[in-house]
Amino acid sequence: MRPTEIRQSDMPGPKVYNLWWGDKGIHKQKGIVTYTISPFKTRAVHNLLRNYIFNGYRRLSKEAVFWVIPFAIGYGTYSWAKRYDAWQNSKAAHVAGHGAH
């Protein structure tokens, strides 16, 4: 078993293609192509409000089943529990549950 080599510094050695940040003494890498679009040509917010109204309504209406039904069940359970708790803590519940106390 041979021991590992001693690491002299954080700078990579001469066997790598990219040297260190900012080194200018190396040729540019080949085969890397970058495409960009001008920010003035993208029109990112073109018809944003109109598309949101129509497309957003269509998308929300399709998903309404998945959030309206659980919300209704949850709200019904919450309102029933609040009424039941108020009744449990009332005088009528104490009389009904304990008889003449």
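Below, all heavy atoms of this structure are taken into account, side chains as well, without hydrogens, waters or symmetry copies.
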J.: Main chain of A81, side chain of D85: is a donor-acceptor contact present, judged purely on distance under 3.5 Å?
T.: no

J.: Would you name the heavy atoms of H94 and Q88 that are closest together and state the gap between them?
T.: NE2-O, 3.8 Å

J.: Quick one: do R58 and K62 satisfy side-chain contact (heavy atoms from CB on, under 4.5 Å)? Show the steps, please.
T.: CA-CA 6 Å; R58 180 184 57 83; K62 284 185 177 181; 3.7 Å; yes

J.: Should the ring pair Y78 and Y75 be called parallel, tilted or perpendicular, given that the plane angle runs from 0 to 90° and is split at 30 and 60?
T.: tilted

J.: N55 side chain to N51 main-chain N or O, any donor-acceptor pair under 3.5 Å?
T.: no

J.: Between V65 and I73, is there a shared hydrophobic cluster once you connect ILVMFWY residues whose side-chain heavy atoms come closer than 4.5 Å?
T.: yes

J.: Can you establish whether the number of heavy atoms outside L60 located under 6.0 Å from its atom CG is more than 12?
T.: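 More than 12 within 6.0 Å, yes.
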
J.: Transitive ILVMFWY cluster of W80 at side-chain heavy atoms under 4.5 Å: who else is in it?
T.: Y84, W87

J.: Clusters formed by hydrophobic residues whose side-chain heavy atoms approach within less than 4.5 Å: which one holds I53, and what are its other members?
T.: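 Via sub-4.5 Å side-chain contacts, I53 links to L49.
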
